[in-house]
Amino acid sequence: QGKVQGVGFRPFVYRLAREGGLSGHVRNTSQGVEIELHGPAPEVERLLRRLVAELPPLAEITSLSTEDIAPRQDLGAFSILQSQEDATHSVLISPDIAACPDCLAEIHDPADRRHRYPFTNCTNCGPRFSITRSIPYDRARTSMACFPMCPACYSEYHDPLDRRFHAQPNACPDCGPQLWYTDVRGRTLARRDDALRETARDLAQKRIAAIKGLGGFHLACAGDDPEAVAELRRRKNRPHKPLALMVPDLDTLSRFCRISEEAQEWLTGRIKPIVLLPRRNGAMPRELAPDTMDLGVMLPYTPLHILLLAEYAQMLGPDRIPALVMTSGNLSDEPIALGNREALQGLAGIADRFLLHNRDILLRCDDSVLRPLHADAPPLLYRRARGFVPDPITLPQEGENVLGLGADSKATICLSKGERAFVSQHIGDLTNPEALGFYREVVDHARTIHEAEPRVIAADRHPDYASTRHASEYPGLPQVRVQHHVAHILSVMAENDLAQSCLGLALDGTGLGDDGTLWGGELFRVDWEQRAVHRLAHFRQAAVPGGDRAVVEPWRMALSYLLQQGVDPQAYTWPWLPDHSRAQDMVARMIQGGINAPLSSSCGRLFDAVAALLGLADSISYEGQAAVKLEAIQSPDTEEGYTCSVNTETDPAVLESGELFSGVYEDWKRGVDPGAISRRFHVGLCRSLGHLIRHFRQQTGLNRIVLSGGVMQNETMSTLLPHSLARQGCEPFLHTRLPPNDACISLGQVVYARFFT
Ligand code: ZN
Ligand code: ZN
Ligand code: FE
């Protein structure tokens with residue numbers, strides 16, 4: 001059992017059996033693959049060993065059981081039998097996989113029939129998840145159904161010794177999908193190879209092109225040209241959020257980024273996500289990522305992208321850096337465009353040209369984004385999509401099918417079946433109506449491809465989340481409401497296979513708490529035996545004036561913390577005062593009068609307040625921008641930190657987090673360099689959390705601590721905090737499979753519904 005279908009597993013067994021002179025057969029079943037072997041025992045054993053040791057690149061065996069059967073002499077040569085049709089399936093669909101070396105060699109070989117063919121693939125690589133309509137996975141149920149194979153492809157497909165035996169998306173220039181290139185009105189300018197060449201030429205001349213890829217459209221422009229990048233930002237209405245780059249190879253990349261060993265593995269591996277890397281001083285336009293020194297970069301992962309980047313590099317010549325901006329083809333905050341017509345309509349105001357093809361994308365899937373941390377740790381995921389989905393996470397035991405509806409920001413859904421939990425790709429922000437449509441598609445698709453009907457619906461406690469409201473579409477089913485930060489913690493536990501009691505620290509934006517206030521800086525005790533979660537402590541609450549308004553205008557949080565710490569805001573000239581002097585009085589009255597100023601223990605809002613006080617971000621244009629800027633200015637050499645006390649008189653206990661803000665304020669008043677202040681804030685927060693946890697370790701006897709929440713996207717926090725906890729003897733656990741942001745909520749909800757109700 002495992003990932004053994006559509007990945008070249010049967011031909012692999014066939015080859016081994018033939019080599020060992022064994023007879024018998026191999027066939028797909030609804031549970032996985034069945035192999036019957038007849039021959040001398042040592043040869044059979046050798047095959048079983050090789051089965052594990054020489055597994056094809058995409059195959060994965062999750063369990064292997066053997067039994068002795070009566071020998072038969074009447075069998076001919078080993079054979080591959082037809083699939084056994086069955087009502088239930090537990091076979092896993094593979095994620096989309098980057099082009100393999102064999103396919104690359106073919107597209108670069110002028111003598112090969114697939115020379116320069118952008119849709120070349122084989123059993124070891126190519127599209128899977130994003131072209132699969134339903135299961136079992138075969139061509140008729142994919143978007144390749146409308147491309148009948150030519151005789152040459154047909155014979156590859158049916159030859160067990162061919163690399164393309166049963167490769168469902170198998171295609172060639174004679175029978176497969178084709179490219180063409182159009183202007184904004186859909187008029188064809190070029191076809192096939194000429195389309196690629198024209199696209200590269202236009203990009204080199206600083207035009208903006210929409211490019212249909214694997215899981216959706218990209219918007220592309222010359223990444224080394226400040227004007228082209230600025231123009232794309234203007235048209236996309238995306239002033240600051242970092243833009244990802246695609247480069248032809250590592251050599252090009254090393255011209256402007258430093259590449260660690262771990263980063264190189266991710267960049268060149270089978271997934272090829274966007275990898276966040278430190279850029280070399282002064283390299284590449286600032287406009288690519290104005291708030292940080294990092295750049296998000298990927299290598300081309302389909303033959304289409306490989307050919308395009310090579311062509312583009314040739315057009316540019318050696319003086320320019322051949323790096324294309326490749327950002328999701330959408331208007332800001334909308335999901336990535338899917339169909340040709342949809343793209344021509346939706347992206348007409350952004351792109352000058354369109355590189356299109358006629359293979360449908362059945363389900364959008366963005367590029368995944370991650371940051372490698374260090375050698376023996378999993379990477380920090382920011383967006384989990386292409387290459388990771390639909391790989392499941394294994395739950396501690398079997399149970400009913402639960403549909404976890406997730407949260408509204410960075411939404412995902414999670415559907416469990418047996419002991420497998422399938423978390424969807426990144427969907428987007430559900431306050432956007434387009435994203436909500438995509439959300440429904442993802443739910444339906446998950447039910448189809450995993451053949452799982454939900455029996456229980458789990459949603460966030462927040463009644464106004466669009467995801468929570470989606471629960472009303474399942475009126476007959478039991479409904480479970482899960483506290484947001486409890487879901488955060490349970491997700492980390494499931495990802496780490498941690499089915500035991502532990503402490504859980506959620507450092508987050510905001511989520512609705514059990515007491516009706518907004519939580520977001522919470523320490524829990526998870527009692528696994530009793531199946532109970534207790535809130536042990538939280539950050540000192542601060543008013544969030546204007547609710548969601550305060551999230552996009554962090555200066556409001558600075559004002560809130562100043563008042564909380566008893567500072568007269570009139571006593572000082574704030575960096576943001578010229579813009580907000582009128583609003584400041586109003587917001588101060590909101591805070592003091594408790595008018596539309598809900599209380600929150602959010603850690604994320606504390607970061608906002610500090611960033612705003614330092615003049616870094618009075619308002620923001622993308623989620624988390626204030627904290628990103630605060631982290632980026634750190635001077636790394638200061639190891640001092642502000643401290644804050646823990647009040648354990650109350651239950652739950654209170655971390656006096658406002659004292660950290662006071663430390664920032666005092667230093668700032670003295671004119672200390674903001675970079676040093678930022679560092680002292682990060683260090684001090686980790687140290688103070690260390691004190692808090694030390695107290696509760698002693699009180700509970702629990703040594704394991706799991707960490708989650710949007711704040712853990714901060715690289716400093718996700719390295720410093722676990723490090724300092726480990727030093728005091730704790731065993732810290734971070735996310736290993738999902739991002740620490742709200743993309744993990746759906747899994748946590750499923751775990752709660754399965755094990756805590
Ligand atoms: Zn291949
Ligand atoms: Zn063909
Ligand atoms: Fe959250």
Side-chain angles (χ1 to χ4, degrees), residues 2-10 28 30 32-33 56-60 83 85-100 119-149 157 164-171 176-177 212-216 270-271 301-302 335-336 338-339 357-368 384-392 412-415 417 420-427 438-453:
K3 214 181 284 166
V4 289
Q5 291 189 11
V7 291
F9 190 79
R10 286 176 304 161
N28 284 343
S30 61
V33 162
L58 301 189
E60 195 185 305
S83 301
E85 287 291 341
D86 198 309
T88 60
H89 295 270
S90 57
V91 175
L92 301 174
I93 290 179
S94 161
D96 300 322
I97 299 294
C100 75
F119 301 93
T120 302
N121 67 81
C122 72
T123 359
N124 301 326
C125 75
R128 294 286 186 280
F129 174 71
S130 62
I131 61 162
T132 303
R133 200 186 304 271
S134 62
I135 57 165
Y137 172 70
D138 67 35
R139 194 178 182 96
R141 295 180 181 85
T142 71
S143 60
M144 289 298 292
C146 57
F147 298 100
M149 276 183 267
Y157 183 89
R164 295 192 166 90
F165 178 70
H166 284 199
Q168 305 303 343
N170 187 26
K212 186 177 186 178
L214 185 64
R270 287 207 303 266
I271 298 177
Y301 50 86
T302 71
I336 188 165
L338 187 71
H357 61 69
N358 54 349
R359 186 181 69 204
D360 287 341
I361 297 163
L362 291 180
L363 199 67
R364 306 156 218 252
C365 200
D366 282 89
D367 296 314
S368 296
R384 179 181 176 271
R386 175 178 56 78
F388 290 99
V389 179
D391 278 349
T412 63
I413 59 117
C414 175
L415 183 59
K417 180 187 188 183
R420 287 170 181 161
F422 297 93
V423 179
S424 76
Q425 70 269 49
H426 164 85
I427 297 171
F438 180 29
Y439 180 88
R440 286 166 193 280
E441 280 174 39
V442 169
V443 173
D444 290 342
H445 188 254
R447 289 162 63 173
T448 308
I449 64 162
H450 304 309
E451 284 194 321
E453 271 313 297

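Hydrogens, waters and symmetry mates play no part in the numbers below; they use all other heavy atoms, side chains included.
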Can you confirm whether [X] sits close enough to [Y] that some side-chain heavy atom of one is under 4.5 Å from a side-chain heavy atom of the other?
X    : Y    : result
R270 : C125 : no
R141 : Q168 : no
E453 : R447 : yes
D366 : Q425 : no
I427 : R440 : no
V389 : P95  : no
P57  : C100 : no

Can any side-chain N or O of [X] pair as donor or acceptor with the backbone N or O of [Y] at less than 3.5 Å?
X    : Y    : result
H450 : A421 : no
R139 : H166 : no
S143 : D360 : yes
D96  : S130 : yes
N358 : P177 : no

Would the H426 and F388 ring centres measure less than 6.0 Å apart?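 Ring-ring flag for H426/F388: false, centres at least 6.0 Å apart.
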
Hey, does the Lys NZ or Arg CZ of R386 hover above the aromatic six-ring of Y301, less than 6.0 Å from the centre and inside 45° of the axis? yes

Nearest-0.5 Å distance that lies between atom [atom1] in [X] and atom [atom2] in [Y]:
X    : Y    : atom1 : atom2 : value
D391 : K3   : CG    : NZ    : 3.5 Å
I449 : L362 : CD1   : CG    : 10.5 Å
L58  : R128 : CG    : CZ    : 6.0 Å

